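What you see is a predicted model; the values in this text were computed from it and never measured. Just so it is clear: chains get the letters A, B, ... in the order the sequence lines come, proteins before strands, and each one is counted from 1.
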2 protein chains.
Amino acid sequence: MATIHDVAKLAGVSIASVSRMLAGENVRSAEAIRQAISDLGYRPNASARGLRLGKHHCIAVIVPDIANPYFAALVRGIEERFMTQGFRIIVASSDEQFSAESELLGNLVDAVDAIAIVPAEEGERTRRLLAALNKPVVLIDRSVGDEPGFDLVNVDNTSGAKAAADYLLSLGHRRIGIISGRQDTVPGRARHQAFLATLAAAGVDVPVEAIKIGEFSRDFGRRAAQELIQQGQIGAAPGAGAAGITALFVANNTMAQGALLALHAAGVSIPRELSFICFDDFDLAELLPAPVTVISRPAIAEGHAAADLLLRRIEHFGSTNQPPLEHKVLPVSLTIRQSCAAPPFN
Amino acid sequence: MATIHDVAKLAGVSIASVSRMLAGENVRSAEAIRQAISDLGYRPNASARGLRLGKHHCIAVIVPDIANPYFAALVRGIEERFMTQGFRIIVASSDEQFSAESELLGNLVDAVDAIAIVPAEEGERTRRLLAALNKPVVLIDRSVGDEPGFDLVNVDNTSGAKAAADYLLSLGHRRIGIISGRQDTVPGRARHQAFLATLAAAGVDVPVEAIKIGEFSRDFGRRAAQELIQQGQIGAAPGAGAAGITALFVANNTMAQGALLALHAAGVSIPRELSFICFDDFDLAELLPAPVTVISRPAIAEGHAAADLLLRRIEHFGSTNQPPLEHKVLPVSLTIRQSCAAPPFN
DNA sequence: CTGAAAGCGCTAACAC
DNA sequence: GTGTTAGCGCTTTCAG
């Protein structure tokens with residue numbers, strides 16, 4: 001690999017001139033240097049530059065699971081923005097584990113200029129971990145306490161859950177079930193509470209038997225739906241099911257897929273026996289026997305927004321006038337398809 | 001950030017001793033050093049180490065599109081292996097563009113020790129580009145010419161396509177259509193040819209009107225299916241369609257999703273009017289009105305295999321006795337669900 | 001077993 | 001405008 005010295009020698013100048021030209025300064029023998037650079041196929045050594053400048057032009061992106069389509073799209077959005085700015089992206093999956101996340105962060109801090117993260121855990125220890133990094137951080141989708149102290153991008157979970165509830169209500173449903181994600185996360189809590197509050201405001205109470213709370217995973221979604229079925233909440237014989245629910249809200253796509261799997265296996269007909277609505281769109285949602293009505297959110301746009309916030313903060317990092325903390329909330333939208341209908345008589 | 005000097009001073013030794021301890025050598029004051037390290041929260045600076053050693057403990061992973069679930073799973077597999085070995089992963093999407101890929105590679109080479117890549121293009125110029133990197137490279141899914149000169153991991157496309165053809169044949173289909181991906185790629189070619197060859201061996205010819213070849217994209221899949229429908233190959237009135245096809249093979253998941261969308265929009269009933277089978281499993285394939293029968297491949301395992309090959313090559317890199325080039329072919333399997341049936345009478 | 005010192009490739013004073 | 005030079009933090013000779 002050619003170094004700056006080789007270039008300087010070939011061009012007949014000092015290494016300083018080469019370095020300057022590379023930095024965009026005016027140099028007399030610019031042409032000769034350019035020539036030498038291309039002759040030698042010289043490219044500056046990233047480690048040396050990183051060592052010298054304390055900058056790496058590299059961002060760490062940590063998500064719970066890169067194989068989850070939502071996170072993949074999010075990463076894509078972040079990538080799109082940063083690549084055009086000459087930054088590299090290191091992506092890693094935390095597996096929803098604080099310990100893994102903490103280890104990853106430990107390995108990556110020294111190699112990156114900033115961190116974009118969907119934290120595995122929203123507790124105080126995550127906030128401390130992140131703060132200790134002493135680097136620009138942007139939180140995505142989830143927060144870390146009420147006063148995170150970092151920029152934050154997420155979607156309007158409350159409006160989304162409210163829209164879902166209003167829609168179900170407008171269809172005439174009064175006995176509604178809900179499968180929610182972990183309540184120690186912002187999306188988990190916001191969606192759960194907004195949904196129930198909207199129903200409550202309309203005089204509709206959700207009995208505890210019809211509330212399932214657990215991991216944001218396909219597996220939990222499936223188990224929760226199975227329980228609902230076994231309890232007779234869903235799919236009881238028509239007429240007999242006065243106690244059962246006529247509609248189900250599921251708080252994210254992975255859980256929804258699991259629930260759909262269980263519902264399908266049990267032969268529950270959607271929307272005839274049960275109206276189904278969930279948060280997050282997913283691939284092929286429109287191809288299902290009853291195309292699923294969803295609250296969709298803009299994953300790629302979230303990635304862009306997060307990148308923009310981070311870029312701004314990187315720019316001002318170290319200087320005294322930090323831009324104020326920003327919390328960007330992106331809108332979600334109700335995509336009506338065919339998984340919801342008026343409740344059956346009984 | 002604490003440096004090795006701080007640690008040395010606190011432990012009352014020279015920086016050399018600290019460095020040695022870190023390298024695993026025996027040192028008298030190991031205990032004091034360990035203490036100092038943890039007191040200061042010291043972690044070696046990656047750039048400095050990279051500069052000094054010419055190694056970065058970092059791998060570049062380049063895929064066409066990280067938002068494609070197959071590639072996301074592949075990346076996950078690679079990640080799993082490397083993370084436990086203390087390597088970082090830089091992921092980037094090439095968008096199926098040689099130019100983008102080439103630029104990415106240019107930006108990344110100096111920062112990584114090896115490259116895992118699903119090349120956007122399989123031509124000679126990609127081979128040259130990769131060879132010029134002078135780093136360990138593993139090709140995944142696609143090759144770069146007949147003599148790539150790199151380790152390669154892919155799946156048994158031929159057997160998979162053959163299995164699909166045999167299955168359709170065994171069901172009694174004789175008029176079969178195919179939607180294939182770009183023929184300048186290994187998977188595109190292998191699947192296409194094996195499928196047609198298997199049919200031909202059974203005396204079944206596929207008319208040119210029933211062969212669609214294009215991008216491996218959802219969009220092309222949709223267009224191809226639409227054409228098939230418009231041409232009267234699919235969905236013609238029963239009895240009238242002696243010229244139409246009774247089964248369709250689609251060569252990958254994204255095209256299959258597009259085709260399914262078009263078929264669904266046109267009201268084609270699967271498998272009553274048309275049997276449908278495709279390469280690659282996809283999320284929720286089992287939830288569709290007619291759960292899709294597929295040839296599934298082990299994305300995560302491919303990632304593991306690629307990582308293992310690369311690890312081995314990194315280890316021996318520079319030494320004289322290079323391990324021989326390896327081409328690892330992983331098996332695929334036919335997952336029978338309900339999208340295929342015997343052809344309708346007419 | 002240990003410390004001093006050289007140097008990886010680069011940038012940014014500093015002096016001209 | 002230009003060249004010289006001092007490190008960035010680390011590993012690794014080389015003496016001891």
Side-chain angles (χ1 to χ4, degrees), chain A residues 1-37 40-58 86 88 106-113 134-135 317-319, chain B residues 1-34 36-37 40-58 86 88 106-113 134-135 317-318:
Chain A
M1 200 76 244
T3 77
I4 198 172
H5 289 95
D6 303 327
V7 175
K9 194 185 300 175
L10 212 175
V13 296
S14 76
I15 60 166
S17 292
V18 180
S19 179
R20 286 185 182 114
M21 211 220 71
L22 257 29
E25 288 178 40
N26 263 2
V27 169
R28 224 189 309 279
S29 39
E31 208 28 70
I33 296 176
R34 242 188 296 276
Q35 188 57 251
I37 287 180
L40 292 166
Y42 164 78
R43 255 148 340 91
N45 178 308
S47 290
R49 190 174 255 170
L51 174 57
R52 182 62 231 242
L53 298 174
K55 295 202 176 309
H56 317 263
H57 269 224
C58 188
R88 302 185 185 121
N107 288 334
L108 296 179
V109 235
D110 309 314
V112 302
D113 298 325
N134 198 27
K135 292 248 158 93
F317 192 66
S319 99
Chain B
M1 200 76 245
T3 78
I4 199 173
H5 289 96
D6 304 327
V7 175
K9 194 184 300 175
L10 211 172
V13 296
S14 77
I15 60 167
S17 292
V18 179
S19 178
R20 286 186 182 112
M21 210 221 69
L22 257 28
E25 287 177 42
N26 264 1
V27 168
R28 221 188 312 278
S29 38
E31 208 29 68
I33 296 176
R34 240 187 297 275
I37 287 179
L40 292 166
Y42 165 78
R43 254 147 341 91
N45 177 308
S47 291
R49 188 175 258 169
L51 175 57
R52 182 61 229 243
L53 298 176
K55 297 203 176 310
H56 317 264
H57 268 224
C58 188
R88 305 185 183 120
N107 289 333
L108 297 179
V109 235
D110 308 314
V112 303
D113 298 325
N134 198 27
K135 293 249 158 93
F317 192 66

A.B. asks: I'd like to check the salt bridge (Lys or Arg N to Asp or Glu O under 4.0 Å) partners of A/Arg28; sequence neighbours left out, ordered by chain and number.
C.D. replies: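 Counting only residues at least two positions away or on another chain, A/Arg28 forms no salt bridge (Lys or Arg N to Asp or Glu O under 4.0 Å).
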A.B. asks: In whole angstrom, give the distance that lies between atom CG of B/Leu53 and atom P of D/dT13.
C.D. replies: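 Nearest whole value for this atom pair: 11 Å.
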A.B. asks: Evaluate the side-chain proximity of B/Leu10 to B/Ile37: yes if any heavy-atom separation is below 4.5 Å, no if none is.
C.D. replies: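 No, their side chains stay 4.5 Å or more apart.
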A.B. asks: CZ of B/Arg49 versus C1' of D/dC8: gap in Å, rounded?
C.D. replies: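 For the pair B/Arg49 CZ and D/dC8 C1', the rounded distance is 16 Å.
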A.B. asks: Looking only at heavy atoms, which two atoms of B/Ser17 and B/Val27 are closest? And how far apart?
C.D. replies: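 Closest pair (atom of B/Ser17, atom of B/Val27, distance): O-CG2, 3.8 Å.
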A.B. asks: Which residues pass the side chain to side chain contact (heavy atoms under 4.5 Å, CB included) test with A/Lys9, not counting sequence neighbours?
C.D. replies: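 With sequence neighbours excluded, A/Lys9 shows a side chain to side chain contact (heavy atoms under 4.5 Å, CB included) to no residue whatsoever.
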A.B. asks: Any base atoms under 4.0 Å from A/Leu51, or only sugar-phosphate, or nothing? Heavy atoms, all strands.
C.D. replies: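 Since a base atom lies under 4.0 Å of A/Leu51, the category is base.
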A.B. asks: Would the distance check show the side chain of B/Arg43 and the main-chain N or O of A/Gly106 forming a donor-acceptor pair, the cut-off being under 3.5 Å?
C.D. replies: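 Judged by distance alone, yes, a pair lies under 3.5 Å.
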A.B. asks: Give a yes or no on whether the backbone of A/Lys55 and the side-chain of A/Asp113 come within a donor-acceptor separation of less than 3.5 Å.
C.D. replies: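 Pair absent, no side-chain N/O of A/Asp113 close to backbone of A/Lys55.
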A.B. asks: Measuring from B/Arg20:CZ to B/Ser14:OG, what's the distance to the nearest 0.5 Å?
C.D. replies: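 Atom-to-atom, B/Arg20:CZ and B/Ser14:OG are 6.5 Å apart.
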A.B. asks: To the nearest 10°, let me know how far the axis at one end of the helix from C/dC1-D/dG16 to C/dC16-D/dG1 is tilted from the axis at the other, five pairs an end.
C.D. replies: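 Taking the rotation axis at each end, their angle is 40°.
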A.B. asks: Do A/Ile33 and A/Met21 have side chains that approach each other closer than 4.5 Å (heavy atoms only, starting at C-beta)?
C.D. replies: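 Heavy-atom side-chain distance check passes, below 4.5 Å.
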A.B. asks: For DNA chain D, which residues in residues 8-21 of chain B have a heavy atom at a distance below 4.0 Å?
C.D. replies: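 Heavy-atom contacts with DNA chain D come from B/Ile15, B/Ala16, B/Ser19, B/Arg20.
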A.B. asks: Calculate, to the nearest 0.5 Å, the distance between atoms CZ and OG belonging to A/Arg49 and A/Ser47 respectively.
C.D. replies: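 Between atom CZ of A/Arg49 and atom OG of A/Ser47 there are 11.5 Å.
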A.B. asks: Name every residue in residues 23-37 of chain A that has at least one heavy atom under 4.0 Å from any atom of DNA chain D, in order of residue number, or write none if there are no such residues.
C.D. replies: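 Heavy-atom cutoff 4.0 Å gives A/Asn26, A/Val27, A/Arg28, A/Ser29.
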A.B. asks: Report yes if some heavy atom in the side chain of A/Thr3 is under 4.5 Å from a heavy atom in the side chain of A/Asn45; otherwise report no.
C.D. replies: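 Not in contact.
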A.B. asks: For DNA chain C, which nucleotides open and close the run of contacts to chain B, 5' to 3', at under 4.0 angstrom from a non-hydrogen atom?
C.D. replies: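 That gives a stretch of C/dC1 to C/dG9.
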A.B. asks: How far apart are the closest heavy atoms of B/Gly86 and B/His57, and which atoms are they?
C.D. replies: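 Closest pair (atom of B/Gly86, atom of B/His57, distance): O-ND1, 3.4 Å.
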A.B. asks: Between B/Ile4 and B/Tyr42, what is the shortest heavy-atom contact and its length?
C.D. replies: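 Residues B/Ile4 and B/Tyr42, closest heavy atoms: N-CE1, 3.4 Å.
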A.B. asks: Kindly compute the distance separating NE2 (A/His56) from CG (A/Leu108), expressed to the nearest 0.5 Å.
C.D. replies: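 The CG atom of A/Leu108 is 11.0 Å from NE2 of A/His56, to the nearest 0.5 Å.
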